[in-house]
Amino acid sequence: MDIQAEKLDLIKWITQLNDLKVINEIKALRKENADWWDELSIEERSEVELGLEQADQGKVKPHEEVMSKYSKWL
């Protein structure tokens, strides 16, 4: 079976689904393929880039220190 036939077979199967759990699992698979970078705001991207620059310069903090500071939000 070629790729187009496989896609059509999947489309037909999906249109007949009544199980919300399966539908949500399919939607989750679709999100897994999304690039998280594209979902960030400009401000978030800037913060990530700043963090990478600081890491390249050796300006980092130990994991334990960061976790103790931010644990109240986790």
Side-chain angles (χ1 to χ4, degrees):
M1 195 178 280
D2 69 3
I3 190 77
Q4 295 304 324
E6 291 286 349
K7 289 183 200 179
L8 290 172
D9 190 45
L10 279 171
I11 291 168
K12 182 179 176 183
W13 174 70
I14 290 170
T15 61
Q16 296 172 358
L17 278 176
N18 292 317
D19 187 337
L20 188 57
K21 182 180 176 187
V22 174
I23 292 169
N24 287 332
E25 288 175 7
I26 293 168
K27 288 171 69 175
L29 281 173
R30 191 171 111 191
K31 284 189 174 188
E32 284 180 16
N33 292 326
D35 189 342
W36 61 271
W37 184 259
D38 294 334
E39 296 178 16
L40 297 179
S41 69
I42 292 171
E43 182 180 285
E44 290 169 323
R45 288 181 188 187
S46 295
E47 291 293 322
V48 170
E49 289 169 345
L50 176 61
L52 291 171
E53 287 174 22
Q54 290 172 336
D56 288 343
Q57 297 168 2
K59 298 177 183 175
V60 296
K61 296 190 183 270
H63 178 74
E64 294 80 18
E65 183 180 331
V66 174
M67 292 308 293
S68 68
K69 182 176 179 179
Y70 296 103
S71 63
K72 60 185 170 189
W73 290 293
L74 298 175

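Quantities reported herein were computed from a predicted structural model and do not represent experimental measurements. Below, each value reflects all heavy atoms present in this structure, side chains not excepted, and no hydrogens, waters or symmetry copies.
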Enquirer: Applying salt bridge (Lys or Arg N to Asp or Glu O under 4.0 Å), which residue pairs with at least one partner in residues 10-26 are found, sequence neighbours left out?
Expert: none

Enquirer: Keeping to residues at least two apart or across chains, list the ring pair (Phe, Tyr, Trp, His ring centres under 6.0 Å) pairs with something in residues 50-74.
Expert: Y70-W73

Enquirer: Please list, chain by chain and in numerical order, all residues satisfying side chain to side chain contact (heavy atoms under 4.5 Å, CB included) with Q57, sequence neighbours excluded.
Expert: K59

Enquirer: Would L10 and L17 show up in the same hydrophobic cluster when neighbours are defined by side-chain heavy atoms closer than 4.5 Å?
Expert: yes

Enquirer: Check whether any side-chain heavy atom of D2 sits under 4.5 Å from a side-chain heavy atom of K7, and report yes or no.
Expert: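 Contact flag for D2/K7 side chains = no.
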
Enquirer: Please name all residues satisfying salt bridge (charged side-chain N to carboxylate O under 4.0 Å, His left out) with E65, sequence neighbours left out, ordered by chain then number.
Expert: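 For E65 the salt bridge (charged side-chain N to carboxylate O under 4.0 Å, His left out) partners, ignoring immediate neighbours, are K61.
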
Enquirer: List in chain and number order the residues that pass side-chain hydrogen bond (donor to acceptor under 3.5 Å, both in side chains) with S41, two or more places apart in sequence or in another chain; answer none if no residue qualifies.
Expert: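 Only E44 meet the side-chain hydrogen bond (donor to acceptor under 3.5 Å, both in side chains) criterion with S41.
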
Enquirer: Hey, does L50 have a side-chain heavy atom less than 4.5 Å from the side chain of Q54?
Expert: yes

Enquirer: Share the residues that join V48 in a hydrophobic cluster, the rule being Ile, Leu, Val, Met, Phe, Trp or Tyr side chains under 4.5 Å apart at the heavy-atom level.
Expert: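 Joined to V48, directly or through intermediates: W36, W37, L40, L52.
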
Enquirer: Looking at E43, I want to see if its CD is surrounded by more than 12 non-hydrogen atoms of other residues, nucleotides or ligands under 6.0 Å.
Expert: no

Enquirer: Under a single-linkage definition using a 4.5 Å side-chain heavy-atom cutoff for Ile, Leu, Val, Met, Phe, Trp and Tyr, are I14 and L8 assigned to the same hydrophobic cluster?
Expert: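 Hydrophobic grouping puts I14 apart from L8.
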
